[in-house]
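Below, all heavy atoms of this structure are taken into account, side chains as well, without hydrogens, waters or symmetry copies.
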Amino acid sequence: MLKLAQQQILLGQSVATKADAIALLAGKLTEAGLVEAGYVDGMLAREAQHATYLGSGIAIPHGTTDTRHLVKHTGVMVAQFPQGIEWDQGQIAYVAIGIAAKSDEHLGILRQLTHVLGDEQAAAQLKTATDADTIINILTGAGAAQEVQYLTLADFPAEDRDQLLLGAAARAKSAGWGEAAMVTSLLASEPAYLGEGIWLARTPATQTGWVLATPSTPLQAGELPVGALLLLCASDASHLPQLENLARLAAAGQIATLAGSEGLAMLQAGPASGLSETFTIINPHGLHARPGAMLVKVAKEFASDIRVANLDGSGEAVSAKSLMKVIGLGVKCGHRLAFRAEGADAEAALKGIGEAIAAGLGEGAH
């Protein structure tokens, strides 16, 4: 979880160039004891490889893998430039978040930041904020409307359906979605059978989200099979679209797909359409800014609607044409990405994406 203090926020800054902005952030990271003095060279080298502008007036400059040894502690510095800086051709940044990461921790930071910064209204507020607390609240999501979250509990060693349900509840509780009362509520209820081995349980919670739990071995509940259990934790009505998708999946005879590797993606998207392929990321440091941008660039070359889900992450399906969303998947080396393309050039799109991933997304095959 990203934590920020007032001393990490640089309000109302004014510099002439992107290089000046990076030097400012690197200097503050050094002063804070997060990096050695030479880290600025890595940040500039990263920009030379690929600009770190994310969109919505936000840039996230950070070092290269070659300068990770200069990082003492993972952390960030945030600089606000109300007048704007041309970060890349035609792209104006109003907020730059300098990131220091010892290993792949930056993927977690990026995931949280991009989740918040994908909100255009939040980006505008960052530009005009006049106090550090406002920026901290926006970047950490304090007071922001909660989005539906997704978790998986795969191959859980349950002996029966109730153990699988308790495992899902423990997963939700550990994520901070609710307290012990949430588990008590589940024990007092009976999951609903949706058909084809899929069960649905529901409980009030402090965060709306879904847990998809699958057992390590086939189970039975009486005469009925247990292939997967969906736990709905509800704090408001934001889960209704997924409930509608469950009904659509059942009507289309595709409810059993929820027990597969793309189960959460199906919950979000509804009945399958178009073409799908799964590819494994081979980049040693996952989808950081440079390979992530290359993947998005390839996806944008095709007219088809292209969605991607990290099967080794949350399973959430996002647009493959949004850099913020792609980086927000927190993809590491070896993670499997499931793509679904719908449109006239869907086949060509999946072929192009597969070839780009196999070639290392601009970093060379490994």
Side-chain angles (χ1 to χ4, degrees), residues 1 112 115 141 144-251 254-271 309-317 330:
M1 180 66 68
Q112 185 177 348
H115 176 76
Q146 290 184 331
E147 291 187 7
V148 177
Q149 296 184 17
Y150 302 90
L151 294 171
T152 56
L153 185 69
D155 298 324
F156 186 71
E159 296 183 359
D160 54 37
R161 185 200 61 192
D162 290 341
Q163 282 192 5
L164 186 64
L165 174 58
L166 287 176
R171 183 82 170 90
K173 184 175 180 295
S174 66
W177 293 4
E179 301 300 331
M182 180 175 68
V183 180
T184 303
S185 171
L186 284 170
L187 292 175
S189 63
E190 177 72 11
Y193 186 60
L194 303 182
E196 300 187 63
I198 309 300
W199 295 78
L200 172 65
R202 175 174 177 169
T203 180
T206 57
Q207 163 67 50
T208 296
W210 295 81
V211 181
L212 175 60
T214 53
S216 56
T217 57
L219 301 176
Q220 292 284 131
E223 299 295 321
L224 299 173
V226 181
L229 183 142
L230 277 168
L231 171 58
L232 165 60
C233 299
S235 65
D236 52 29
S238 56
H239 61 279
L240 294 179
Q242 294 85 52
L243 284 179
E244 292 176 2
N245 284 338
L246 285 178
R248 294 170 58 213
L249 286 167
Q254 297 181 20
I255 197 74
T257 60
L258 293 168
S261 60
E262 294 187 61
L264 282 182
M266 300 297 290
L267 175 65
Q268 297 168 73
N310 182 0
L311 299 183
D312 297 294
S314 70
E316 181 179 2

| task | With sequence neighbours left out, write down each residue that passes side chain to side chain contact (heavy atoms under 4.5 Å, CB included) with T257, or none if nothing qualifies. | result | L249, Q254, M266
| remark: Taken in chain and number order and not counting sequence neighbours, the residues that satisfy side-chain hydrogen bond (donor to acceptor under 3.5 Å, both in side chains) with E190 are R161
| request: Just jot down the side-chain hydrogen bond (donor to acceptor under 3.5 Å, both in side chains) partners of W210, sequence neighbours excluded, or say none. | output: Q242
| query | M182 and A205: which non-hydrogen atoms are nearest, and at how many Å? | reply | SD-CB, 4.0 Å
Pairs of donor and acceptor atoms involving the side chains of residues 213-233, under 3.5 Å and at least two apart or interchain, shall be tabulated with distances.
unit_1: T214; atom_1: OG1; unit_2: D155; atom_2: N; d: 3.2
unit_1: S216; atom_1: OG; unit_2: F156; atom_2: O; d: 3.4
unit_1: Q220; atom_1: NE2; unit_2: E223; atom_2: O; d: 3.4
unit_1: Q220; atom_1: NE2; unit_2: L224; atom_2: O; d: 3.4

| said: Would you compute the distance between atom OG1 of T152 and atom CG of L311 and round it to the nearest 0.5 angstrom? | reply: 9.5 Å
| query | How close do A256 and I198 get, heavy atom to heavy atom, and via which atoms? | reply | CA-CG1, 4.3 Å
| query | If every non-hydrogen atom of V183 is compared with every non-hydrogen atom of A169, which pair is closest and at what distance? | reply | CG2-CB, 4.1 Å
| request: Please test L240 against L243 for side chain to side chain contact (heavy atoms under 4.5 Å, CB included), starting from the C-alpha separation and ending with a verdict. | output: CA-CA 5 Å; L240 294 179; L243 284 179; 4.1 Å; yes
| task | Kindly say whether A181 contributes a backbone atom to a donor-acceptor pair with the side chain of S185 at under 3.5 angstrom? | result | no
| query | W177: what forms a ring pair (Phe, Tyr, Trp, His ring centres under 6.0 Å) with it, not counting sequence neighbours? | reply | none
| said: Applying side-chain hydrogen bond (donor to acceptor under 3.5 Å, both in side chains) to S235 and T208, what does each step give before you reach the verdict? | reply: CA-CA 5 Å; S235 65; T208 296; 2.9 Å; yes
| said: Give me the atom names and distance for the closest heavy-atom approach of L258 to L267. | reply: CD2-N, 4.0 Å
| field | For N245, all residues meeting side chain to side chain contact (heavy atoms under 4.5 Å, CB included), sequence neighbours excluded | value | R248
| task | Only counting residues at least two apart or in another chain, list the ones meeting salt bridge (Lys or Arg N to Asp or Glu O under 4.0 Å) with E262. | result | R340
| message | Among residues at least two apart in sequence or on other chains, which ones pass side chain to side chain contact (heavy atoms under 4.5 Å, CB included) with S189? | response | L186
| request: Sort and list the pairs that fulfil salt bridge (Lys or Arg N to Asp or Glu O under 4.0 Å) and have at least one residue in residues 166-181, not counting sequence neighbours. | output: none
| message | Please enumerate all residues that pass side chain to side chain contact (heavy atoms under 4.5 Å, CB included) together with D162, with sequence neighbours excluded. | response | D160
